[in-house]
Amino acid sequence: MHGFANPKRFLSLASWLTPLLLVSGLLISAGALWWGLTRVPPDRLMGETVRILFLHVPTAWLGMGGWTAIAISSLVFLVWRHPLAALAARAAAVPGLVFTIVCLATGSIWGRPTWGKWWVWDGRLTSMLVLAFLYVAYIALAQAAEREGVSPRIPAIFGLLGAINIPIINRSVVWWNSLHQPPSITMGKSAIDPAFLNPLLIAVLGFSLLFGGVVLARMRAWLADIQADARLRRKAMEAV
């Protein structure tokens, strides 16, 4: 872990890993969605609307996974002062927010024929909406800290505190009387028919690879900007 905190070593790894993750993630995601949308039979209860499962569930998991990445990176930065940890947390925020918004949008579309409403203040839906607001707040806080030259410890602490919402989202359908269905996949078992489960897991893999590729691409772009600024300052100092 300490070795990859070196920006030069990180960039040498990310230069080939980023396109690999993006291309493979795009191909796997597209294949899984094609499988789920065209080859999977209609559900006995939900009919054709079940096909939104293959977009809704992966984005929900990655919305939570994005904040988990922020929390872990923030912890690494606060404890070990790794120079790339705070950058990794910031890089995960925007794709995490995008996945969360897609999750909320697809859930609303799915809820209309299932519950008869676009939105209900259900525990799972409300805690997921809170996650979207947390992302927006984190992004604004991180940008303000960079703009004002404030220590990145402040957004890192916020990233850790916001992680409290992740187990709330996960357990909301168990703790409260929820319209949302209970967990279909738990440790070691699944209530989902293999005809739906297999393309779903492949979709999760594909979107996860895309998420990782986007995070690495954002980190590389920021590091390039930092290096360019450093070169400009060095040239300015030499000119003086």
What residues form a side-chain contact (heavy atoms from CB on, under 4.5 Å) with [X], not counting sequence neighbours?
X      : result
Ala156 : Ser74, Phe77, Leu78
Ile28  : Ile202, Leu205, Leu209
Ile101 : Leu97
Ser127 : Asn165, Ile168, Ile169, Ser172

Testing the basics here: between [X] and [Y], what is the closest heavy-atom pair and its distance to 0.1 Å?
X      : Y      : value
Ala91  : Met219 : CB-CG, 3.5 Å
Cys103 : Ala60  : SG-CB, 3.5 Å
Pro95  : Val215 : CG-CG2, 4.1 Å
Val40  : Ala195 : CG2-O, 3.5 Å
Pro19  : Arg220 : CD-NH1, 4.4 Å
Leu210 : Ser29  : CD1-OG, 3.8 Å

Taking only residues two or more places apart in sequence, or in another chain, which ones meet Trp34 in a ring-ring contact (aromatic ring centres under 6.0 Å, His included)?
->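 Expected list: none.
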Using the test ring-ring contact (aromatic ring centres under 6.0 Å, His included), find all partners of Trp121 that sit at least two apart in sequence or belong to another chain.
->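 With neighbours one apart ignored, the set is Trp119.
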Excluding sequence neighbours, so at least two apart, what forms side chain to side chain donor-acceptor pair (under 3.5 Å) with Thr18?
-> none
Partner set under side chain to side chain donor-acceptor pair (under 3.5 Å) for Glu48, not counting sequence neighbours | Arg51
Test log, rule side-chain contact (heavy atoms from CB on, under 4.5 Å), inputs Phe158 and Ile70 | CA-CA 10 Å; Phe158 183 81; Ile70 290 174; over 6 Å; no
Side chain to side chain donor-acceptor pair (under 3.5 Å) pairs, two or more places apart, involving residues 96-112 =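 For residues 96-112, and leaving out neighbouring residues, the side chain to side chain donor-acceptor pair (under 3.5 Å) pairs sorted by first residue read His56-Thr106.
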Counting distance only, does the side-chain N/O of Asn198 pair as donor-acceptor with the main-chain N or O of Pro194 below 3.5 Å?
->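 Yes; at least one donor-acceptor contact below 3.5 Å.
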N/O donor-acceptor pair under 3.5 Å between Arg124 side chain and Asn170 backbone =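 Between the backbone of Asn170 and the side chain of Arg124 there is a qualifying donor-acceptor contact (under 3.5 Å).
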Roughly how far, to the nearest 0.5 Å, is the [atom2] atom of [Y] from the [atom1] atom of [X]?
X     : Y      : atom1 : atom2 : result
Phe54 : Leu33  : CZ    : CG    : 9.0 Å
Leu13 : Leu216 : CG    : CG    : 7.5 Å
Thr68 : Met64  : OG1   : CE    : 8.0 Å

Single-linkage hydrophobic cluster Leu27~Val214, side-chain heavy atoms < 4.5 angstrom = no
Under a single-linkage definition using a 4.5 Å side-chain heavy-atom cutoff for Ile, Leu, Val, Met, Phe, Trp and Tyr, are Leu17 and Val23 assigned to the same hydrophobic cluster?
-> no
Show your working on side-chain contact (heavy atoms from CB on, under 4.5 Å) between Phe99 and Trp61 and close with a plain yes or no.
-> CA-CA 9 Å; Phe99 278 120; Trp61 285 356; over 6 Å; no
Enumerate the residue pairs fulfilling salt bridge (Lys or Arg N to Asp or Glu O under 4.0 Å) with a member in residues 66-82, sequence neighbours excluded, ordered by first and then second residue.
->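 Matches after skipping sequence neighbours: none remain.
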[X] side chain near [Y] side chain, heavy-atom distance below 4.5 Å:
X      : Y     : result
Leu223 : Leu84 : yes
Ser208 : Leu62 : yes
Phe211 : Leu21 : no
Leu200 : Pro58 : yes

Donor-acceptor pairs are to be reported for all side-chain atoms of residues 128-155 against protein atoms at under 3.5 Å, with residues two or more places apart or in another chain.
{"unit_1": "Tyr135", "atom_1": "OH", "unit_2": "Gly63", "atom_2": "O", "d": "2.6"}
{"unit_1": "Tyr135", "atom_1": "OH", "unit_2": "Trp67", "atom_2": "N", "d": "2.7"}
{"unit_1": "Glu146", "atom_1": "OE1", "unit_2": "Arg90", "atom_2": "NH1", "d": "3.2"}
{"unit_1": "Glu146", "atom_1": "OE1", "unit_2": "Arg90", "atom_2": "NH2", "d": "3.3"}
{"unit_1": "Ser151", "atom_1": "OG", "unit_2": "Arg153", "atom_2": "N", "d": "3.1"}

